[in-house]
Trainee: 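This is the structure I want to talk about, given as structure tokens.
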2 protein chains.
Amino acid sequence: MRDRNTDLRIIRTKESIRDALVELIDEKSFEAITVKDITTRAKINRGTFYAHYQDKFDLMTKCEDEIMLEMSKIAKQNFPGVLTAFETNSPTATLFPIAVLIFEYLNEKSGFMKAVLGPKGDLSFQTRLKDFMWKTLFGNDPGALIKEQNLLVPGQYLASYIASAHIGVIQKWLDSGRKESPQEMARILSTMSINGPFFAAGLKK
Amino acid sequence: MRDRNTDLRIIRTKESIRDALVELIDEKSFEAITVKDITTRAKINRGTFYAHYQDKFDLMTKCEDEIMLEMSKIAKQNFPGVLTAFETNSPTATLFPIAVLIFEYLNEKSGFMKAVLGPKGDLSFQTRLKDFMWKTLFGNDPGALIKEQNLLVPGQYLASYIASAHIGVIQKWLDSGRKESPQEMARILSTMSINGPFFAAGLKK
DNA sequence: TATAATAATGAACAACCTGTCGTTCATTAT
DNA sequence: ATAATGAACGACAGGTTGTTCATTATTATA
């Protein structure tokens with residue numbers, strides 16, 4: 001019985017394919033990349049690529065799914081603690097630790113994340129990431145953090161606002177070389193989301 | 001001497017090319033669209049397309065540039081008034097009118113904007129739009145709205161936060177059928193940016 | 001309205017990319 | 001040692017790209 005996941009040839013091939021993808025996204029946009037580009041860079045036969053992936057989109061989706069799964073795990077493991085702490089403490093104190101964990105994970109996977117979230121990356125991933133953020137943090141019906149009746153604006157716009165803003169900051173952090181620590185980034189995001197960006201800009205109070 | 005901009009044949013051809021582009025982005029992603037797709041849909045010869053544009057990217061860029069130019073005009077015409085009013089009034093009152101104008105323009109060009117900002121659209125346009133937003137609203141050195149010394153967070157992250165958040169809300173508005181009026185959308189964005197998204201969510205105070 | 005100007009067409013082209021074959025060869029189990 | 005497995009390879013047909021050119025249709029203008 002052979003295991004597709006332990007065959008060294010497969011592991012080597014898949015790794016070089018994914019490394020080539022990240023390298024190429026830095027050089028040209030994802031849409032401009034051809035399967036031939038990838039296989040040439042990865043030094044494998046083009047037919048071998050099709051033995052593992054349907055096309056470049058399948059490759060991209062599988063890379064993205066791995067990332068989403070990991071982030072989902074981080075969120076699910078720490079969300080119960082957040083929910084109970086939320087009763088007594090301020091939103092700052094409760095959401096801060098989870099934000100730090102996410103930034104630490106992004107830091108670890110920064111090569112791929114920078115490529116896929118960058119200006120030459122994959123737009124559909126951002127859409128999926130926004131949906132994911134909203135569902136994991138605020139979508140759990142029983143213990144939802146946000147109640148519809150408390151909203152001052154329609155929920156869908158609040159969701160878009162927060163998710164897009166956070167992804168935007170993550171993009172900037174990755175793109176400018178990750179000079180701030182995960183802790184510092186979590187503080188920056190908290191400041192803007194809790195007090196509002198205009199307050200953080202010194203335009204208020 | 002004949003004018004390329006008034007020849008009815010050219011106007012007709014260009015219009016049908018751009019209409020075809022918007023239609024096709026609704027159906028498949030921009031990267032999946034071929035020049036052949038566009039010319040078939042526009043009912044013109046493929047050679048004619050190359051007489052007007054270098055390739056599909058050239059077409060997209062030229063469409064985007066027109067939009068950016070118009071938005072730039074709106075911003076430049078109204079910015080002086082905003083600056084003077086800003087000394088005495090609150091940020092709400094001063095930035096509100098300009099936001100309404102922008103939403104009215106987006107409403108007018110909603111077909112193209114929905115396509116290009118949507119999940120199948122063009123990622124590089126979003127990047128350009130963020131840069132544009134920041135430069136027009138906060139980048140004018142002499143009378144900058146935001147002073148570096150007042151910031152509670154690094155300026156680059158503040159810029160990314162606000163720009164991404166606003167574009168995210170615009171995307172949601174376009175994607176969900178533009179049910180709210182431009183005035184209502186301006187109010188929603190102001191509420192979240194001035195009091196903060198957490199306050200707007202009923203999570204604070 | 002007649003005419004000169006020129007935009008659009010259809011066809012052909014080489015070059016390239018795609019997805020899918022059957023074949024070869026290294027690895028592994030017996 | 002050897003047979004079975006399946007990963008990697010080379011080659012194929014079909015489609016797209018960007019270009020060119022002679023021909024046709026449409027437009028602006030005198």
Side-chain angles (χ1 to χ4, degrees), chain A residues 1-64 66 115 120-124, chain B residues 1-64 66 120-122 124:
Chain A
M1 180 106 72
R2 288 253 177 74
D3 189 352
R4 280 185 61 87
N5 296 340
T6 57
D7 191 316
L8 288 178
R9 291 172 299 180
I10 294 185
I11 295 173
R12 227 183 303 123
T13 302
K14 285 197 172 179
E15 246 174 32
S16 53
I17 287 177
R18 296 186 180 207
D19 288 348
L21 176 67
V22 171
E23 278 182 41
L24 285 165
I25 293 178
D26 270 345
E27 294 167 24
K28 39 169 133 180
S29 75
F30 174 64
E31 65 186 303
I33 294 174
T34 66
V35 174
K36 194 180 195 336
D37 287 336
I38 298 171
T39 55
T40 304
R41 180 69 58 104
K43 295 189 187 70
I44 59 158
N45 187 274
R46 207 162 52 81
T48 307
F49 177 93
Y50 288 106
H52 295 287
Y53 305 102
Q54 284 183 11
D55 48 33
K56 66 169 178 167
F57 300 99
D58 185 42
L59 165 64
M60 187 58 119
T61 305
K62 279 175 176 154
C63 291
E64 290 170 355
E66 274 181 27
K120 298 171 193 163
D122 177 21
L123 187 50
S124 74
Chain B
M1 181 100 75
R2 282 190 168 158
D3 190 353
R4 277 187 61 87
N5 296 344
T6 57
D7 192 312
L8 290 177
R9 291 170 294 183
I10 294 183
I11 294 173
R12 226 185 302 124
T13 301
K14 285 196 171 179
E15 245 173 33
S16 53
I17 287 178
R18 295 184 181 211
D19 288 348
L21 176 67
V22 172
E23 277 181 42
L24 285 166
I25 292 179
D26 270 345
E27 294 167 24
K28 39 170 135 178
S29 74
F30 173 63
E31 63 186 304
I33 295 173
T34 66
V35 173
K36 195 180 195 329
D37 287 335
I38 297 171
T39 55
T40 304
R41 180 67 59 102
K43 296 189 184 70
I44 59 159
N45 188 273
R46 204 162 53 83
T48 308
F49 176 92
Y50 289 106
H52 294 286
Y53 304 101
Q54 284 183 11
D55 48 33
K56 66 168 178 167
F57 300 98
D58 185 41
L59 164 64
M60 187 56 119
T61 305
K62 278 176 176 154
C63 291
E64 290 170 356
E66 275 181 26
K120 297 170 194 163
D122 177 20
S124 73

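Side chains included, hydrogens not; waters and symmetry mates left out as well; all remaining heavy atoms used. Convention: sequence-line order gives letters A, B, ...; per-chain numbering from 1.
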Trainee: Distance check: side-chain N/O of A:Thr48 vs OP1/OP2 of D:dC9, anything under 4.0 Å?
Mentor: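 A:Thr48 to D:dC9 OP1/OP2: side-chain N or O found under 4.0 Å.
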Trainee: So, does the side chain of B:Arg9 form a donor-acceptor pair with the base of D:dT27 at under 3.5 Å?
Mentor: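 Between D:dT27 and B:Arg9, which were checked side chain against base, a qualifying N/O pair under 3.5 Å is absent.
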Trainee: Find which nucleotide of DNA chain C each of A:Lys56 and B:Ala51 is nearest to by heavy atoms, and output the residue with the more 5' nucleotide.
Mentor: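 Per heavy-atom nearest nucleotide, the more 5' residue is B:Ala51.
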Trainee: Rounded to whole Å, please give me the gap between NZ in B:Lys36 and P in C:dA11.
Mentor: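 Interatomic distance, NZ of B:Lys36 to P of C:dA11: 12 Å.
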Trainee: What I'd like to find out is whether the side chain of B:Arg18 reaches to under 4.5 Å of the side chain of B:Lys62, using heavy atoms alone.
Mentor: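 Side chain of B:Arg18 against side chain of B:Lys62, heavy atoms only: contact under 4.5 Å found.
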Trainee: Atom CG of A:Leu59 to atom P of C:dT18: distance rounded to whole Å?
Mentor: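 One finds 13 Å between P of C:dT18 and CG of A:Leu59, rounded.
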Trainee: Tell me whether the OP1 or OP2 atom of D:dT16 has a side-chain N or O from B:Thr34 closer than 4.0 Å.
Mentor: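 No, because none of the side-chain N or O atoms of B:Thr34 sits under 4.0 Å from OP1 or OP2 of D:dT16.
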Trainee: Contact class for B:Lys14 vs. all strands (heavy atom < 4.0 Å): base, sugar-phosphate, or nothing?
Mentor: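 The answer is nothing, as B:Lys14 stays clear of every strand by at least 4.0 Å.
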Trainee: In the structure I gave you, are the side-chain heavy atoms of B:Ile25 and B:Leu21 within less than 4.5 Å of one another anywhere?
Mentor: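 Answer yes - side chains close enough.
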Trainee: Among side-chain atoms of B:Ser16 and B:Asp19, is any donor-acceptor pair under 3.5 angstrom?
Mentor: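 Result is no, nothing qualifies.
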Trainee: Looking at A:Glu31, is its backbone amide N or carbonyl O close enough to the side chain of A:Lys56 to form a donor-acceptor pair, meaning the two atoms are under 3.5 Å apart?
Mentor: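 Yes; judged by distance alone, with no hydrogens or angles, the pair exists.
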Trainee: Represent DNA chain C in dot-bracket notation, 5' to 3'. Only Watson-Crick or G-U wobble pairs with both distances under 3.5 Å count; pseudoknot-style crossings use [ ] and interstrand partners use |.
Mentor: ||||||||||||||||||||||||||||||
Trainee: Flag the pair B:Thr13 / B:Ile10 as yes when at least one side-chain heavy-atom distance between them is below 4.5 Å, and no otherwise.
Mentor: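 In short, these two side chains do not touch, never coming nearer than 4.5 Å.
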Trainee: Taking only the side-chain nitrogens and oxygens of B:Thr13, find out if one of them lies under 4.0 Å from OP1 or OP2 of C:dA8.
Mentor: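 For C:dA8, OP1/OP2 do have a side-chain N/O of B:Thr13 under 4.0 Å.
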Trainee: Take atom CD1 of A:Ile33 and atom C1' of C:dC17, then tell me their distance rounded to the nearest Å.
Mentor: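 After rounding, the reported distance stands at 15 Å.
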Trainee: Quick one: does B:Phe49's side chain get under 4.5 Å of B:Lys36's, heavy atoms only?
Mentor: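 B:Phe49 vs B:Lys36: side chains apart.
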Trainee: Identify, between B:Arg12 and B:Val35, the residue whose nearest nucleotide on DNA chain D lies closer to the 5' end.
Mentor: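 Its nucleotide being nearer the 5' end, the pick is B:Val35.
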Trainee: Using a cut-off of less than 4.0 Å, is there contact between a side-chain N or O of A:Asn45 and OP1 or OP2 of D:dG10?
Mentor: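 For D:dG10, OP1/OP2 do have a side-chain N/O of A:Asn45 under 4.0 Å.
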Trainee: List the atom of A:Arg46, the atom of A:Thr39, and the distance in Å for their closest heavy-atom pair.
Mentor: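 Minimum heavy-atom contact is CA-CG2, 3.6 Å.
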Trainee: Nearest whole angstrom, please: distance from the C1' of D:dT26 to the CD1 of B:Ile10.
Mentor: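 Computing the B:Ile10:CD1 to D:dT26:C1' distance gives 12 Å.
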Trainee: Between C1' on C:dC17 and CZ on A:Phe49, what's the gap in Å once rounded to a whole number?
Mentor: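 Result: 13 Å.
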Trainee: For the pair made of CD1 in A:Ile44 and C1' in D:dC9, what is the distance, rounded to whole Å?
Mentor: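 My rounded result for the distance is 11 Å.
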Trainee: Establish, with yes or no, whether the OP1 or OP2 oxygen of C:dA7 is under 4.0 angstrom from a side-chain nitrogen or oxygen of B:His52.
Mentor: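 It does not, given that no N or O in the side chain of B:His52 lies less than 4.0 Å from OP1 or OP2 of C:dA7.
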Trainee: C:dG10, OP1 or OP2 - any side-chain N/O from B:Arg46 closer than 4.0 Å?
Mentor: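 So the side-chain polar atoms of B:Arg46 never come under 4.0 Å of the phosphate oxygens OP1 or OP2 of C:dG10.
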Trainee: Between C1' on C:dA8 and CG on B:Leu8, what's the gap in Å once rounded to a whole number?
Mentor: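 The answer, rounded to whole Å, is 14 Å.
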Trainee: Under 4.0 Å from OP1 or OP2 of D:dT19: is there any side-chain N or O of B:Tyr50 that close?
Mentor: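 No.
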Trainee: Check the distance between D:dT26's P and B:Asp7's CG and give it to me in whole angstrom.
Mentor: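 Going from B:Asp7 (CG) to D:dT26 (P), I get 13 Å.
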Trainee: Got a sec: does the CD of A:Gln54 have more than 12 other heavy atoms crowding it under 6.0 Å?
Mentor: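 Not more than 12 within 6.0 Å, no.
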